[in-house]
Structures are given as structure tokens and as C-alpha cells.
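Contents: one structure, followed by commentary.
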Amino acid sequence: MKAPVRVAVTGAAGQIGYALLFRIAAGDMLGPDQPVILHLLEITPALPTLQGVVMELNDCAFPTLAGVVATDDVNVAFKDVDYALLVGARPRGPGMERKDLLEANGAIFGPQGKALNDHAKRDVRVLVVGNPANTNALIAQQNAPDLDPKCFTAMVRLDHNRALSQLAEKTGTHSTDIKKLTIWGNHSSTQYPDLHTTTVKGKPALEQVDQAWYEGDFIPTVQQRGAAIIKARGASSAASAASAAIDHMRDWTLGTAEGDWVSMGIPSDGSYGIEPGVIFGYPVTVKDGKYAIVQGLAINAFSQARIDATNKELREERAGVEHLFAKN
Ligand SMILES: NC(=O)c1ccc[n+]([C@@H]2O[C@H](COP(=O)([O-])OP(=O)(O)OC[C@H]3O[C@@H](n4cnc5c(N)ncnc54)[C@H](O)[C@@H]3O)[C@@H](O)[C@H]2O)c1
Ligand SMILES: O=C(O)C[C@H](O)C(=O)O
């Protein structure tokens, strides 16, 4: 067994939290030889519920669970953490505009970014799941001037996994037969699930499906999948979101498979014409715990228009929250 690492999860008493914590504690995220100490953050009124979750975690007697800290103090929650999964967020209420949602979440992710800046390990891996995930990640990152911006990522892996599943179903294959699929941009309905580089059983995906299905069915289905789950379940996706969060952190830590890549929301560095300043979904590979954007992919006019649209949305979201960035 390795030395334990500290993993913070916010919104730990929520529905994603309930689907996530037991899998992290069981070793699904970092492996069966990596003990974890969970740091669970909740708002004060949710602490009794969180206590019940802690009781259940203990009752599992997981070999890889080395301790649990449950708190409503963000400075305690992020003390010395190696990983932080920022799940807790303010859901959209009735009559709430997107702008109000961004503002309400700014009040959460600004202080959390600062607390990570002040207390987390210098190589902390941060994944923002709480919506609007990309812009919440940007707010946190902008409030953590002493941390490398590359520590901050947003989750587009659920969209990536949804796209794999849709394409596998259409082509009568398994998701493991599909390689090199990308979710570009925002975790929102402007995201662009791109199949131009994708292969199914080693052959180009777009030669195996027709353009009408790609454009009129696949892209909108992946873009609208979150809303479809909410309609069907009466609650937003939880187990699949938790599973995608595990995939994101595992691949960021243990690496991506040879000859394939994954999609991660990461600070733009100018690649593919996306000016720095937003957290953008890109195709990435991971080696030795460091991610790198896959370079040199050909982008045709169809793809460019869609990448531009999601970039525009992220720029607009950014413009709405710039006043929440730390001045330094
Ligand atoms: N990126 C994605 O792919 C994706 C997918 C699904 C859901 N989501 C988002 O994830 C978020 C959580 O979803 P859920 O279903 O678990 O919601 P939930 O309402 O069940 O749980 C959220 C929890 O966060 C807590 N919380 C609120 N503010 C907090 C704060 N400041 N600090 C700590 N905890 C706080 C709440 O008390 C609650 O227990 C939502 O924003 C949802 O839209 C993202
Ligand atoms: O779409 C939503 O609001 C929920 C979540 O982001 C999802 O993609 O399932």
C-alpha cells in the first residue's frame, strides 16, 4: 500500500456525492493500492445528513479508506489536499436567469479557489463538476493566484462518455471499440461533440454513420442529454456524473491509453485559436500525471463554426463573472 492521499469532495451530502464517495473510497479512482483520506465539505444545515453518509462510509470497512474529515469549514476541507472534486453548487431556482446562477456560484467558487490557494498541496488536481462547470472552474482558478492554472479543470467527461455510448449504439459496437473522440468547449448545449478524428474498430467513424444522423441526431442528443435525464428521472444525472468524475481524475493521475485521448475542460493556452482566459473542453493525453492538448488536428469549416459558438458562449460567461476574480 502507498501512503494515503487526501481527496476533498464538496457537496458531499448531495446526490452526486452519494454516488461518488463510495467509489472513491473503494479505490475506483486511484487504484486498489492507493489509500485515501476523504475531506467532505457541506453547508452547515447539511452536516447531519453528511454525518449519516460518514457512518455508511465507515460501515463499508473499505481497505482503501484511511480516514474521513467532515466539515463546513472550507479551510479545513482543503487543508493539504492532493485532489479536490468541487461538486457542491447552487442549483438553478425558479425564475433564476443564467446570470443569477453565475453570480450565486461565484460566491461559492471564489472562496473555494482562495482556500485551495492557501491550503491545498501545490500540485493539487481540481475538478469542477458543479454547474456551470467551466466558468465555476475559471472563478476558482482566478482566485488561486499562487497555484498553477493547470491545476484547475472542468468536467466534460460525462459528455465524452455519452458520445461514446451513442456512437457505440448506432454502430453496433462497444464503447471500447471507439477512439479519439472530442468534446470541445463548454459543458452546456453549445458543446461540440466532434467525430472527425474518431475511429470505430480502427475505421473512420464518419464513414460508418451518415452526415444527417451525425448532425441532426448525434450532436443534439449529446448536447441535450443532461436535460433528457432530468426530464426522465426528475433529477439531474448523478451516478453517471460521479462515474465520469472518477474517469477524469483516474486518467489525469494514471494516464490515458496509448493511441487514444480523453476530453477535459482545461485552461485554454491558445491552441486551436482559443484565446487564453476560459476553461475549454479539449482533446488531451496524460503522461506522468501531466495533461497535454492533442495538437495538429485538422479543423474543417463545420467544426470551426461549432467551436466558435461554444467559445463565444464561454467568453460571454466569463464577461459576466470577471468582477469575481481576485485582483492581484
Ligand atoms: N459537469 C457535469 O457533467 C455535471 C453533471 C451532473 C450534474 N452536474 C452539477 O453538479 C452539481 C451537483 O449536483 P447534485 O445532483 O449532486 O446536486 P445536489 O443538490 O443533490 O447536491 C449539491 C450539494 O452541494 C451542497 N452545497 C451547496 N453549496 C455548497 C458549498 N458552498 N459548499 C459545500 N457544499 C455545498 C448542497 O448542500 C448539496 O448537498 C449541480 O450543479 C449539477 O448541475 C454537473
Ligand atoms: O444538464 C444539466 O443541467 C445537468 C448536468 O450538467 C448534465 O449534463 O447531466
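Worth knowing before you read on, the calculation uses all heavy atoms, side chains too, and leaves out hydrogens, waters and symmetry mates. As the structure is a computational prediction, the values presented were derived from the model and not from experiment. Every number for a ligand or one of its atoms is a count from 1 in the order of the listing.
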Please report which non-hydrogen protein atom sits nearest to atom 35 (C) of ligand 1, along with the residue it belongs to and the distance in Å to one decimal place.
-> I43 CG2, 3.8 Å
Got a second to check how far F280's CZ is from N134's CG, nearest 0.5 Å?
-> 9.0 Å
Within a distance under 4.0 Å of any heavy atom of G226, pick out the atoms of ligand 2 and give their elements.
-> 1 (O), 7 (C), 8 (O), 9 (O)
Heteroatom proximity flag, V128 to ligand 1, N/O under 3.5 Å | no
Under a heavy-atom criterion of less than 4.0 Å, does S236 contact ligand 1?
-> yes
Part of M155 within contact of ligand 1 (heavy atoms, under 4.0 Å) | both
Residue portion contacting ligand 1 (non-hydrogen atoms closer than 4.0 Å) for I16 | both
Under 4.0 Å from ligand 1, counting heavy atoms only, is it the side chain of R157, its backbone, both or neither?
-> neither
Hey, is ligand 2 close enough to D159 that some N/O pair sits below 3.5 Å?
-> no
Which of the atoms in ligand 2, numbered in the order shown and given with their element, are less than 4.0 Å from a heavy-atom of I230?
-> 2 (C), 3 (O)
Tell me yes or no: between the side chains of E317 and N186, is some donor less than 3.5 Å from an acceptor?
-> yes
In terms of atom number and element, which parts of ligand 2 are under 4.0 angstrom from non-hydrogen atoms of S237?
-> 7 (C), 9 (O)
Sub-4.0 Å atoms of ligand 2 with respect to non-hydrogen atoms of R162 = 7 (C), 8 (O), 9 (O)
With heavy atoms and a 4.0 Å threshold, my read on which part of S237 contacts ligand 1 is both
Nearest non-hydrogen protein atom, atom 8 (N) of ligand 1 | N131 ND2, 3.5 Å
List the closest protein heavy-atom neighbour of atom 6 (O) of ligand 2: residue, atom name, distance to the nearest 0.1 Å.
-> H187 NE2, 2.6 Å
Qualifying residue, where the test is side chain to side chain donor-acceptor pair (under 3.5 Å) with W184 and the options are D194, N311, T310 = D194
Please state which part of N131 comes within less than 4.0 Å of ligand 2, counting heavy atoms only: side chain, backbone, both or neither.
-> side chain
Under 3.5 Å, N or O to N or O, is L158 touching ligand 1 that way?
-> no
